[in-house]
Amino acid sequence: MRTAGHIVAVALDAVFDALEPGITTAELDDIARRKIRAEGAKPAFLGLYGFPAVACISLNAEIVHGIPSERVVSEGDLVSVDCGAIVDGYYSDHARTAVAGETADEERERLVDVGREALMHGIAQCVPHNRVGDISDAVEQYVRDADFELVREYVGHGVGRALHEAPPVPNVGQAGTGPLLMEGMTIAIEPMIMTGSWETKVLDDGWTVVTADGSLSAHFEHTVAITADGPEVLTSAK
Ligand code: MG
Ligand code: MG
C-alpha cells in the first residue's frame, strides 16, 4: 500500500505540474494513466463500478466523480483530481484540488487551503484507540470554523485489498463515537467541502456530483495507515 500510495502521489504531482488554462481534463487524465503505468502500477478507478477513466476530474461546483473529457480548463477554475493505483492487489486513493492559472480569487484560494488543512486535522486523529468520530469531528470543526460546509452523502472509507472497505469515515460526526481505530488499519480520509449548502445532486451523466446550489467545492484525500507511532500518510510523493 505504501508503494501504491507513492505511485498515485507521483501521478498527481505530474497532473498538477501540467495543470494550466487551455489543457483539457482528458489530457490531465492521460498524464495520470501514463504515470501510473510507467511506475508499474494499475489504475484503480478505470472500470471500477463502470467508471470510464483513470482519474475523476471535477471543476468548480462539481464535487467528485467528474468524467474527464474534451472540456478545456479555464483561468481560475477549481480543479479537483481524485485517483487511485493498485500494486500487487493493494489499493491507494488520493485527491487534491488546485486553482488553474494565476488569478485565483480569495474565496477559491481559501477554500483550497481549508480543505487541505481540514484533511491534516483528520489525519492527526489517526492513532490507535481513537474512534472514527474523532476524525470526523476534527474535520468538521475546522471546516465550520472557516465558515464552509461539508458533504454528508459521500464519505471516506477503509481501503486495502479493495478501494472501498469498511469502515465509512464521515466528514461530519461526534468525537468519541464510531468504530475503534486499531494499529494496522488503513483508511482514506476525504473532506469534500463547499462555499454554500451541503446538499448535492448527480448530473445526467450518472456520475458527476455537484453542489445543489452551484456553490464551489474542493476535495482532498489521503490514504493513511494507523501505526503505533501515529498516522502514516501512504499517499506521499516523498
Ligand atoms: Mg478518492
Ligand atoms: Mg476515497
Side-chain angles (χ1 to χ4, degrees), residues 1 4-16 25 28-29 31-33 35-36 41-59 62-68 78-87 90-98 112 115-116 118-120 122-123 125-126 132 135-136 139 150-173 179 181 185-194 200 202 207-210 217-226 231-237:
M1 288 188 68
H6 176 76
I7 290 171
V8 78
V10 167
L12 285 202
D13 277 358
V15 167
F16 282 97
T25 56
L28 294 173
D29 186 68
I31 290 165
R33 175 170 52 241
K35 196 71 186 174
I36 287 170
K42 285 197 291 191
F45 292 8
L46 187 63
L48 187 71
Y49 315 122
F51 190 74
V54 168
C56 298
I57 305 183
S58 310
L59 306 189
E62 299 168 2
I63 304 164
V64 287
H65 304 167
I67 300 173
L78 276 167
V79 180
S80 299
V81 182
D82 189 354
C83 195
I86 310 168
V87 173
Y90 287 94
Y91 285 69
S92 61
D93 195 2
H94 183 35
R96 305 178 198 167
T97 300
V112 168
R116 184 190 301 112
L119 172 56
M120 292 306 153
I123 290 170
Q125 296 299 318
C126 289
V132 167
I135 300 171
S136 310
V139 169
L150 303 106
V151 164
R152 312 286 211 276
E153 294 119 314
Y154 302 90
V155 297
H157 47 90
V159 52
R161 297 299 300 245
L163 184 69
H164 295 129
E165 297 183 344
V169 182
N171 293 306
V172 174
L181 302 177
M185 282 174 76
T186 45
I187 58 174
I189 305 173
E190 48 180 316
M192 292 154 262
I193 69 171
M194 57 266 283
T200 68
V202 179
W207 279 104
T208 314
V209 179
V210 300
S217 180
H219 178 209
F220 284 87
E221 178 176 25
H222 274 307
T223 299
V224 181
I226 294 153
E232 178 181 344
V233 174
L234 301 180
T235 36
S236 166

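Counting starts at 1 for both ligands and their atoms, following the listed order.
Taking 2.8 Å as the threshold, E190 does not count as a candidate ligand of the Mg ion (ligand 1), since none of its N, O or S atoms lies below it.
You'll find the ring centres of Y49 and H164 inside the 6.0 Å limit.
Its N, O or S atom nearest to the Mg ion (ligand 1) is what matters here, and for D82 that atom is OD1. Looking only at its N/O/S atoms, D93 has OD2 as the one nearest to the Mg ion (ligand 2).
A donor-acceptor pair is defined here as one N or O able to donate and one able to accept, closer than 3.5 Å; no such pair exists between the side chain of T200 and the backbone of V210. Between the side chain of H219 and the backbone N or O of D82 there is no donor-acceptor pair closer than 3.5 Å.
Between F45 and F51, the ring planes lie perpendicular to each other; the angle is over 60°, past the 30° to 60° tilted range.
The NE2 atom of H157, the Mg ion (ligand 2) and the OE2 atom of E221 define an angle of 110° (nearest 10 degrees).
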